[in-house]
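Please read these numbers as outputs of a predicted model, since none were measured by experiment. Here is the naming used below: chain letters follow the sequence lines, and residue numbers restart at 1 for every chain.
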There are 2 protein chains.
Amino acid sequence: MSLHLDATHDPALRSWVASANAPGTDFPIQNLPYGRFRDLSALMAAPKATRVALRQALSAALAQHSPQQARLKDCLLAQTDAEMGLPCAIGDYTDFYTGIHHATTVGKLFRPDNPLLPNYKWVPIGYHGRSSTIVVSGTPLRRPLGQTLPPNAESPSYGPCQRLDYELELGALVGPGNSLGEPVAIAEAEDRLFGMTLLNDWSARDVQAWEYQPLGPFLAKSFGTTLSPWVVTMEALAPYRLPFQRPAGDPLPLSHLDSPANREAGAIDIALEVWLQTAAMRAAGQAAVRLSQSNFRDAYWTLAQLLTHQASNGCKLQPGDLLGTGTQSGPEPGQGGSLLELSDGGKQALTLPNGEQRRFLADGDQVILRAACERPGTARIGFGDCAGTVLPAPG
Amino acid sequence: MSLHLDATHDPALRSWVASANAPGTDFPIQNLPYGRFRDLSALMAAPKATRVALRQALSAALAQHSPQQARLKDCLLAQTDAEMGLPCAIGDYTDFYTGIHHATTVGKLFRPDNPLLPNYKWVPIGYHGRSSTIVVSGTPLRRPLGQTLPPNAESPSYGPCQRLDYELELGALVGPGNSLGEPVAIAEAEDRLFGMTLLNDWSARDVQAWEYQPLGPFLAKSFGTTLSPWVVTMEALAPYRLPFQRPAGDPLPLSHLDSPANREAGAIDIALEVWLQTAAMRAAGQAAVRLSQSNFRDAYWTLAQLLTHQASNGCKLQPGDLLGTGTQSGPEPGQGGSLLELSDGGKQALTLPNGEQRRFLADGDQVILRAACERPGTARIGFGDCAGTVLPAPG
């Protein structure tokens, strides 16, 4: 991990591409995110130095007064003319649990006597997710059917999920991988990361409550996961790195999960938001409403720790593998990154500006995740939308 | 699912290929398993009728007195001359928990007061596994490093796994898949299965005990999973189907997991064995010793139920996806499909014929899983070996 910033971060650097200079754009020339309009796999597998060289060449070519403007301007395509796919083929998807406020709040709902388990501050808790159902932003999502044990019922039944939820997460995509049996030292972990996306870990809470013991979430999660199409590179995020430290009194990470660079700049200041537009709002021409805000700097584990932990048993990571951060909730009650948290386990409905109420998602609801890094004097680095609309359950 | 047997099952059918007629062979002409010396993906994606037609053509071509003998005999390659790979590219790997004797015994070790959870007889419990570390039989396996909380320790530490174990499982490979959002009716589930392999779900028990709450097994399993290279087709297993029924007093499966065909012939009579050869035995020229025997007919859920459950929330299954059955232990104490069970959680060492003792696996141990269907008057359908040798942990 390095905090050396180069010319690609110069906030005064403007582009000859007008849309890159628009106020509030997610994608100024300092961002240069990648997306899969063409396949990214070969680039992801390349060593960090190759990626950085490409990034610097692109930045120079797109900067104002670039001599390459005449040659390049016909190669550009408006975003609206490109149909984006997933950024890459994703082999393995694992989802972590780095949001300590989320883990505590949800833990209270599932285990009131024991919200945060004894391993939480030692092990970056995670589980394997389903790769085949990861879809790109804009793909509609069918409400899943599932087996649940309704309150006070003697036996379970199978039917449409009644407690459909989103989870506000970031995803980190692996660049160069490691060989089977070879752990990755934390000092090398950041160089194995290609970049980040937004991730909506759609969740069927009623299915989850009934199925998750003893082997963890399974069908409650595997019906769909939405990714934003743009991969914001680790290089673009460099100006927004922050020191990473544990609250006083918490244990220090074990030595293989600790390094000076990780302490110095392991955290990232990424502001996160969840927006909701219901079918009624859409019909009335009303814009989406913001449900919550949080920040990735509150995560209890860094991306380098997640990657090192994942490979610590010799597990092979491959270019395009996806590491989810887990739900990013802030410390305050209104900062929950899921409806489960915002509605206190479904007990307290949220009232929307148009009078509608939500404990969980209704058919027709569109959930939009947004993220951006912003600081005066530094270029805004945005992520683009991660959106999905809920369709009714199958017949 | 169909019990109609065709000429490919005729036990009198002999081949002009001598090795197919050898007594005790796993691979008589009635088996015809597939392996990936060439890629199987296109065949796996084909509808059942195509697979069956190919199987019948191969069976006829390899049978004694086949007119094609002259043309084909130069196309055959001795098994010893072929380096086998994994049978196919595996997109998603999920592992189930259908061995009720295993679930009960292990449940007692982890939760003495609550061995079999209330959902076990209703939900085919499963979790997502790691695809990138699935290897073919014969691939050595490094003892993993991992984080554990040693007995009586105040804080965890990171080091070589001290309780390395195997798990005796079968794997089912998906043939034609389904679309995202479209469940698969149980009546169609068997036609979506291509065939079966042996599967060793290597497990780090000390890592598992510390990490598995609340999201399930993760690094305790992701360091390696071994598959046998041959896919025994569902068609070859047809003569060994058995009625599937729950013990008296147990709940019936929910209707979407129940069908007349599943009750009539959902189970499969596959005899399973675990063999162990230690480094000392190998050095002394001593053959492997059998540790346990069990049978897949004791599984609490059928393959059709697993596939239908997996797709019941709309999860997309793709050709080559792998469904593990979970550890297949028999009802008797000596029939545990893992050392965890055979050693009563590590409390009772097994003494091997050469005097060595094992509670868990030692470096140099080779574990070999074997399986076969046998009945007088019916061709023996074997699986070939699923073997792996433990290497020392990384320095």
Colleague: For B:L317, is it the side chain, the backbone, both, or neither that has a heavy atom closer than 4.5 Å to a heavy atom of chain A?
Modeller: both
Colleague: For the candidates B:G224, B:G314, B:S155, which exhibits the highest count of non-hydrogen atom pairs separated by less than 4.5 Å from chain A?
Modeller: B:S155
Colleague: Side chain, backbone, both or neither: which part of B:P156 has a non-hydrogen atom closer than 4.5 Å to chain A?
Modeller: both
Colleague: Do you know which of B:V207, B:D95, B:L117 has the most heavy-atom pairs under 4.5 Å to chain A?
Modeller: B:L117
Colleague: Where does A:P214 contact chain B at under 4.5 Å (heavy atoms): side chain, backbone, both or neither?
Modeller: both
Colleague: Among B:G181, B:G91, B:G126, which residue forms the greatest number of heavy-atom pairs with chain A at distances under 4.5 Å?
Modeller: B:G126
Colleague: Name the region of A:Y120, side chain, backbone, both or neither, that has any atom closer than 4.5 Å to a heavy atom of chain B.
Modeller: neither
Colleague: Which atoms of A:Q213 are under 4.5 Å from chain B, going by heavy atoms: the side chain, the backbone, both sets, or neither?
Modeller: both
Colleague: Test your reading of the model: is there a side-chain donor-acceptor pair from A:E211 to the backbone of A:F218, 3.5 Å cut-off?
Modeller: yes
Colleague: With a 3.5 Å distance limit and no angle check, can you tell me whether B:R205 reaches the backbone of B:Q162 through a side-chain donor-acceptor pair?
Modeller: no
Colleague: Give the member of B:Q318, B:K316, B:R142, B:E182 that has the highest number of heavy-atom pairs under 4.5 Å with chain A.
Modeller: B:K316
Colleague: Pick one of side chain, backbone, both or neither for A:P251, based on which atoms fall under 4.5 Å of a heavy atom in chain B.
Modeller: neither
Colleague: So, B:D365 and B:T389: side-chain donor and acceptor under 3.5 Å apart, yes or no?
Modeller: no
Colleague: Can you tell me if B:Q305 uses its side chain to pair, donor with acceptor, with the backbone of B:L257 under 3.5 Å?
Modeller: yes
Colleague: Starting from the C-alpha separation in whole Å, work towards a yes-or-no answer on side-chain contact (heavy atoms from CB on, under 4.5 Å) for A:M44 and A:L173.
Modeller: CA-CA 9 Å; A:M44 297 181 87; A:L173 287 160; 3.6 Å; yes
Colleague: Find the one option among B:G146, B:S131, B:A103 whose heavy-atom pairs under 4.5 Å with chain A are most numerous.
Modeller: B:S131
Colleague: What part of A:L180 is in contact with chain B, defined as an atom under 4.5 angstrom from a non-hydrogen atom: side chain, backbone, both or neither?
Modeller: side chain
Colleague: Just by distance, do the side chain of A:R143 and the backbone of A:L391 share a donor-acceptor pair under 3.5 Å?
Modeller: no
Colleague: Quick one: which of A:L254, A:T94, A:L141, A:L219 has the most heavy-atom pairs under 4.5 Å with chain B, could you say?
Modeller: A:L219
Colleague: Starting at CG of A:L307, measure out to CD of A:E188 and round the result to the nearest 0.5 Å.
Modeller: 10.5 Å
Colleague: Establish, for the pair B:R246 and B:W301, whether the NZ or CZ atom is under 6.0 angstrom from the six-membered ring centre and no further than 45 degrees off its axis.
Modeller: yes
